[in-house]
Amino acid sequence: MRCLWLLISLLSVSVRSRELYERIGYFWHITDIHYDGHFNSYSDIRKGCWRPDYDGSSGTRAQRKPLGPYGDYSCDATWELIESAAKMMMTRQNDNVEFVLWTGDVLSHHATRHLKEDRQLEMVQNVTDLLRKTFSSQFVFPALGHDDPAARKELGRMWSQWLPTDAMRTFEMGGYYIIERKTLKLQIVVLNTNLMKKQDEDEDARKQWEWLDKVLEKFKKNGETVYLVGHIPPGSDERHKGLSTPSHIMYKDYHNQRYLKMVRKYHSIIVGQFFGHLHSDTFRVIYAENGRPISWAMLAPSITPKRTHDGPNNPGLRIYKFDKDTGQVFDYTQYYLDLSAANYNGKADWVVEYNFSTYYGINDITPLNLHSLADKFTQEATTDNSVFNKYYKANSVKIHNRASTNCDDTCAHTHYCAITRIDYEEHGQCLKIAASALSSSSSFLLHDAKTKLCLAGIVSVLANLSFRKLFE
Ligand SMILES: *[C@@H]1O[C@H](CO)[C@@H](O)[C@H](O)[C@H]1NC(C)=O
Ligand SMILES: *[C@@H]1O[C@H](CO)[C@@H](O)[C@H](O)[C@H]1NC(C)=O
């Protein structure tokens with residue numbers, strides 16, 4: 001009842017929502033393009049498709065099978081695929097797109113291992129040129145991936161139209177930067193997550209931590225808000241099975257702990273964290289020491305379809321809807337390309353895969369809402385869990401579903417642990433707990449949660465209603 005009353009009184013103040021409407025903007029998040037410059041229809045798919053010397057005259061039948069123009073699930077991205085993605089983004093150019101987050105791994109895995117640096121740079125240059133043409137009036141924020149050339153000076157020069165002098169200085173030094181935005185509250189901090197793999201006492205890594213602490217302190221003092229943006233996310237791979245090998249771990253433990261500490265210290269100003277690297281569609285929730293959800297991270301799927309050890313994915317791209325001033329994230333729309341269909345039809349039809357609010361029935365991306373969503377993954381896992389099924393389908397960009405990969409309760413539980421336990425020790429403990437014993441841990445939050453959900457519901461209902469009126 002109280003909820004209804006609040007709703008009615010809020011509806012009368014429609015002036016406020018018009019202001020909010022004017023602050024709505026969009027930004028793209030693109031990641032893990034993994035351009036394979038040597039890809040052609042006679043490429044050897046067993047060799048990662050990159051071999052320039054393969055003339056198509058030998059090998060097994062599988063090798064000779066001509067590949068489609070938009071690529072193959074065993075291969076990194078063709079130029080045609082990347083171009084089709086750019087073309088699709090062009091079509092939403094009028095929608096108040098404010099900027100683009102581009103979180104690394106521009107090159108194919110094989111290019112960084114086998115090609116000379118000047119060839120690597122040529123490929124990065126070509127992708128950069130394409131993005132420059134696609135986003136002629138927007139800022140692109142590039143972040144370094146581990147499959148990018150090590151030549152930071154050359155990359156800096158290549159990206160100089162996006163990186164002003166101050167940003168260029170720290171980028172060339174350590175691969176991280178901020179571009180201070182004078183008139184808006186939201187500041188974007190781009191991290192070099194390659195440094196999170198370094199030894200505890202690594203000099204460059206230490207400098208980045210000190211720099212990050214300093215800039216966040218300053219933003220906090222100024223009453224500004226922050227996005228943390230990078231290639232590799234903290235925590236663990238949600239698709240990793242079992243604890244036996246350390247490959248599920250993203251950062252070194254020392255850096256993982258420092259990252260967690262940093263987010264806990266500045267969570268009040270961090271309004272979003274954005275990463276790529278895993279090629280999967282998933283998210284993370286970060287908690288305070290006392291268990292309260294205080295921050296979230298979104299992991300966007302890749303443009304390359306290439307099979308990782310966890311299987312392939314369809315190419316994906318994402319656009320976020322947000323408050324241009326404060327950075328508050330409202331929603332996102334996930335686009336994808338059905339690669340098999342695209343090759344079959346000889347035509348790349350990028351379409352909406354889903355949008356967050358309608359798909360999950362959540363009207364605001366908040367730590368609490370994402371915490372509740374993750375909780376459902378295990379609470380209902382023994383039944384035919386529709387929320388987890390939905391998430392799981394999106395996780396591979398519509399390639400897998402639970403039946404096709406035998407994703408049982410343990411599998412659901414593994415996703416849950418990676419999403420809610422960034423700390424490695426806690427993650428390990430979480431994996432050991434039987435799925436059934438788990439669901440009670442969050443009930444102390446219930447009262448607080450209900451209040452907030454009610455408020456969040458009212459605000460977004462109101463927002464949606466009046467936006468539609470303004471629009472239609
Ligand atoms: C890069 O673009 C140039 C100019 O269009 C082209 O000649 C070259 O083949 C491209 N290289 C790669 C590796 O894509
Ligand atoms: C998500 O879909 C709903 C319903 O189609 C639409 O009203 C909303 O604007 C969409 N969100 C985004 C971010 O496009």
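Whatever order the structure lists ligands and atoms in, that order sets their numbers, starting from 1.
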Which residues satisfy the ring pair (Phe, Tyr, Trp, His ring centres under 6.0 Å) test with W350, sequence neighbours excluded? none
Output all residues satisfying ring pair (Phe, Tyr, Trp, His ring centres under 6.0 Å) with H34, sequence neighbours left out; order by chain, then residue number. H109, H279
Please identify each residue that fulfils ring pair (Phe, Tyr, Trp, His ring centres under 6.0 Å) with Y359, with sequence neighbours left out. Y354
When you check ligand 1 against the protein, what N or O pairs turn up below 3.5 Å? List the atom names and distances, or just say none.
residue  : atom   : partner : partner atom : Å
ligand 1 : 2 (O)  : N126    : OD1          : 3.1
ligand 1 : 2 (O)  : N126    : ND2          : 2.4
ligand 1 : 11 (N) : E122    : OE2          : 2.6
ligand 1 : 11 (N) : N126    : ND2          : 2.9
ligand 1 : 14 (O) : Y35     : OH           : 2.6
ligand 1 : 14 (O) : N126    : ND2          : 2.9

Does a side chain donor of either E238 or S280 reach within less than 3.5 Å of an acceptor in the other side chain? yes
Might you confirm whether atom NZ of K393 has over 12 heavy atoms from other residues, nucleotides or ligands at distances under 6.0 Å? no
Ring centres under 6.0 angstrom apart (F274, W296): yes
